[in-house]
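This report concerns only the one structure given below.
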Amino acid sequence: MRLKIFRWKAIGPLLLLFAIIALVVVVFAEPIAHDTTEEASTELLGTQVDVGKLDLYPRKASVDLRALQIADPFRLTRNLLEADEIRLKLNPTALAEKKLVIEQLSLSGMRFGTTRKTPARPVEGNGFAPKILQAVDQWTKQFNVPLLSLTPIDTIRQLVLNPSQLTTVSQAQALLARTDSTRKALDQGFQQLNIRPTLDSAGALAQRLSATDPSKLGLDGTRQAIQSVQQTLRKLDAAKNRVEQLEQSTRAGVQLLGQGAGMLDQARQKDFAFARSLLKLPTFSAPDIGNAFFGQVSIERFKQALYWAELAQKYMPPGLLPRPSPGPQRLRAAGHTIEFPREKDFPRFLLEEGLLDFSIGGTSAARGAYAATVRGLTSAPTLYGRPTVITANRRAAGSALAAIDVDAILDHVTTSTKDSASARLRGLKLPSFDIPGVPFRLDPGIGTSNLDFTMRGGGAQLYGRWAISSQQVRWSVDTAGRSLNDLERLVWRVVSGLSELEVVAELGGAVASPRLSVRSNLDRAVSQRLQAVVGEEVARAERMVRAKVDSLVADKVEPLKRRIAVVQTEANARIRAERQRLEQVEQQLQAELKRLSGGLVPGIQLPKIKL
Amino acid sequence: MLTLLKLIQSMIKTLHSEGTPGQVAAGIAIGSVLGLTPLLNLHNLLIFSFVVLLNVSFGGAMLGWALFVPVGFLLDPVFHAVGLELLQAPSLRPLWSTLTNTPLIPYTNFNNTVVLGSFAGWMLLSVPIFFAARYGVARYRATIGERVRQSRFYRAVTASQAYNWYRMFRPG
């Protein structure tokens with residue numbers, strides 16, 4: 001019987017199965033796409049994304065999203081963006097390759113900073129965005145923002161310090177142990193040099209030859225004598241090398257001890273600051289006041305910019321190398337999914353052009369002409385070949401909100417990435433905030449706010465500048481829990497008399513070691529007033545602090561410094577002595593060699609000895 | 001419990017079907033890919049079509065699927081390692097790049113380490129699975145097959161309505 005390969009009668013049921021699958025796709029595609037869009041974008045952005053409705057138009061290769069809300073990851077009660085309708089025109093060829101290329105995006109009914117009906121859920125888990133959110137939270141903690149201390153001078157207590165609290169003491173103890181071990185290591189080094197036998201035999205040879213007449217030695221005798229001298233000179237040379245090596249290691253060791261001694265002075269400065277903080281002395285240095293008043297609020301602004309820049313770094317990596325990412329969640333292991341971008345092909349995600357251009361009329365604060373553009377937002381910038389450009393602006397003369405200009409360029413085309421953004425808001429109601437450490441609240445009113453932020457090389461270089469200015473500042477004081485003390489009343493009198501505010505905060509350095517400086521027009525006014533009233537008493541308290549710290553650390557530091565000096569001197573002297581002895585005997589041998597050879601033995605090359 | 005009963009039912013029906021041991025073994029070998037690789041991928045639709053269209057034992061394929069699901073779960077770490085090796089091999093990079101940029105192919109998720117590793121694993125195991133299954137089925141029929149066929153239990157199983165559906169796809 002001939003075996004059949006195909007089961008033709010199964011074609012009908014198979015086609016029926018395909019038809020059922022197609023029907024299921026048609027029926028469930030929109031709800032599945034809706035849930036997947038919400039889930040994926042929430043995970044990608046690290047903040048809750050809600051889509052009211054999602055409609056697919058397969059014939060037009062387009063998608064409509066309605067009632068889109070993107071929560072602010074830093075304020076869960078607020079939406080970063082809300083849009084009534086977003087229409088995405090997709091590239092069908094790219095879609096066949098499982099790539100999302102948005103040829104055109106249009107939005108309508110867009111609003112920013114709206115209040116949510118229900119607070120957003122914080123995004124948790126091991127996704128990249130929650131990790132970045134945690135990392136930027138940690139990042140803000142490395143800034144040493146001083147609290148404005150306005151403790152009355154008459155309440156300063158006697159300073160009680162425990163030596164174990166002081167960094168200088170612990171560092172001195174560690175350095176003492178290191179000094180002892182360096183000294184031991186030096187002793188061992190000198191013992192291992194073992195140049196005594198070389199010196200003795202060289203000395204004996206030199207003495208023996210000096211008593212010899214070369215003319216009586218004969219040719220063989222002279223040759224042998226010269227060879228012995230050369231051999232001994234080589235041994236001396238090796239000994240000199242050993243001394244040189246020991247000298248280098250000694251120099252490095254004592255240099256480290258010297259650096260350690262220098263660090264003790266820095267540690268003492270830290271201890272002064274620590275002891276001073278125990279007394280809670282009033283702050284009246286102008287830079288400290290600027291930092292104390294506006295440091296925290298400035299960091300919050302930079303933190304938000306850093307979060308978005310870090311997300312861009314992750315989702316828009318430069319280069320065309322294969323990129324692994326976690327696979328899809330399923331019952332089976334997720335594994336890794338690896339992308340293989342290729343030149344002249346579509347990237348996995350590309351928003352070619354997003355345009356927003358509309359007006360809001362009437363008399364509301366939001367009225368005005370809006371325009372926004374997003375070009376070249378992609379998951380493979382190198383493939384796309386051009387930086388992503390985002391611009392948004394709004395013009396509304398005479399409105400409470402005069403103008404908004406936002407520009408951002410994300411250049412990840414090459415490995416030297418550069419993300420820069422600037423936002424200029426004019427005629428804006430600036431948010432009010434509490435001044436940390438004192439019961440004052442500042443309401444800047446209508447003013448201008450500018451933020452510039454640049455990150456190069458994935459965080460190797462940061463630059464940020466945040467400035468606000470207002471002519472209608474209002475101050476309020478919260479005396480519900482307690483009454484103001486004398487110093488607080490003094491500062492209150494100064495600040496409440498000011499209606500203008502100019503604050504400039506600058507960020508520099510790298511992500512790993514950022515520097516923040518904040519200055520404002522309040523700093524000098526508050527500082528001068530405080531200095532005039534409590535300057536002398538604070539200076540006296542500071543002198544007391546210094547004396548206390550000095551008394552606790554002096555008996556540890558001064559003997560240690562002397563000990564280090566002794567080790568240094570001793571080591572240098574011993575090295576010098578060994579070197580002199582070697583050179584002395586070498587000179588004797590050289591003289592004998594000259595006398596022995598004296599032009600009688602041509603062809604014998606004298607060894608070159610470094611002196 | 002119901003799944004277990006179904007499995008037993010499927011196994012018994014398959015072992016006693018009119019198909020040759022080779023057809024049953026081919027069904028098991030092809031069906032095992034459904035169990036070894038993550039199910040919801042485009043390539044499994046193609047495999048299912050082969051099972052239906054080729055003159056192999058449909059029951060055998062279902063049996064292979066059921067038997068190899070736990071094996072797939074157990075071997076996932078191995079499949080991940082194998083898939084990672086293959087996807088990161090510099091000599092294969094042009095192939096993966098081409099496949100990534102070929103319409104429909106990316107929907108097979110071949111660029112996922114577990115999917116590729118398990119598929120490669122199946123390619124290697126399918127031949128031993130086929131020969132082992134063919135030997136096992138032949139031995140079964142030669143030894144205890146007839147006694148089972150005469151049992152009341154077998155008659156109860158084959159009398160069910162589902163058996164009629166199954167007969168439609170039995171090997172000719």
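When reading the values below, keep in mind they use all heavy atoms of this one structure, side chains included, and skip hydrogens, waters and symmetry mates. Just so it is clear: chains get the letters A, B, ... in the order the sequence lines come, proteins before strands, and each one is counted from 1.
- With a 4.5 Å cut-off on side-chain heavy atoms, A:R330 and B:V114 count as touching.
- Summarising the geometry of B:N112 relative to A:A334, their closest heavy-atom pair is ND2-O, 3.0 Å, with the distance given to 0.1 Å.
- In the displayed structure, A:E30 atom CD is contacted under 6.0 Å by more than 12 heavy atoms of other residues, nucleotides or ligands.
- Proximity to chain A is absent for every atom of B:V69, based on heavy atoms less than 4.5 angstrom apart.
- Of the possible polar contacts, one joining the B:T113 side chain to the A:H336 backbone as a donor-acceptor pair under 3.5 Å is found.
- Using a 4.5 Å cut-off between heavy atoms, B:L40 makes no contact with chain A at all.
- The candidate with the highest count of non-hydrogen atom pairs below 4.5 Å against chain A, out of B:T98, B:T102, B:L84, is B:T98.
- Annotation for A:E43: atom CD does not count as buried by contact number, only 12 or fewer foreign heavy atoms lying within 6.0 Å.
- The number of heavy atoms from other shown groups lying within 6.0 Å of CG (A:L331) does not exceed 12.
- Ranked by non-hydrogen atom pairs under 4.5 Å with chain B, the options A:R332, A:R348, A:E97 are led by A:R332.
- Residue-environment remark: OH (A:Y57) exceeds the threshold of 12 foreign heavy atoms within 6.0 Å.
- Contacts of B:F110 with chain A are absent, with no heavy-atom separation under 4.5 Å from either backbone or side chain.
- Side-chain atoms of A:I5 and B:L54, non-hydrogen and from C-beta on, do get closer than 4.5 Å to each other.
- B:F48 has its side chain within reach of A:L17: a pair of non-hydrogen atoms, C-beta onward, lies under 4.5 Å apart.
- For A:F6, the CZ atom is loosely surrounded, since the number of other residues' heavy atoms within 6.0 Å does not exceed 12.
- Two residues are said to be in side-chain contact when any heavy atoms from C-beta on lie closer than 4.5 Å; B:P103 and A:T93 fail this criterion.
- Between the CG atom in B:L95 and the CZ atom in A:F340 there is a gap of 9.0 Å [rounded to 0.5 Å].
- With a 4.5 angstrom heavy-atom cutoff, A:I21 touches chain B only via side-chain atoms.
- The shortest side-chain heavy-atom distance between A:F18 and B:L45 falls under the 4.5 Å cut-off.
- When atom types are taken as modelled, the side chain of A:R7 and the backbone of B:N55 share no donor-acceptor pair closer than 3.5 angstrom.
- At a 4.5 Å heavy-atom cutoff, B:T108 makes no contact with chain A through either its backbone or its side chain.
- Applying the 6.0 Å contact sphere to NZ of A:K98 captures more than 12 heavy atoms from other residues, nucleotides or ligands.
- The side-chain heavy atoms of A:W8 and B:L53, taken from C-beta on, include no pair separated by under 4.5 Å.
- Side-chain atoms of B:D76 come within 3.5 Å of backbone N or O of A:A333 as a donor-acceptor pair.
- Using modelled atom types, no side-chain atom of B:N111 and backbone atom of A:E339 make a donor-acceptor pair closer than 3.5 Å.
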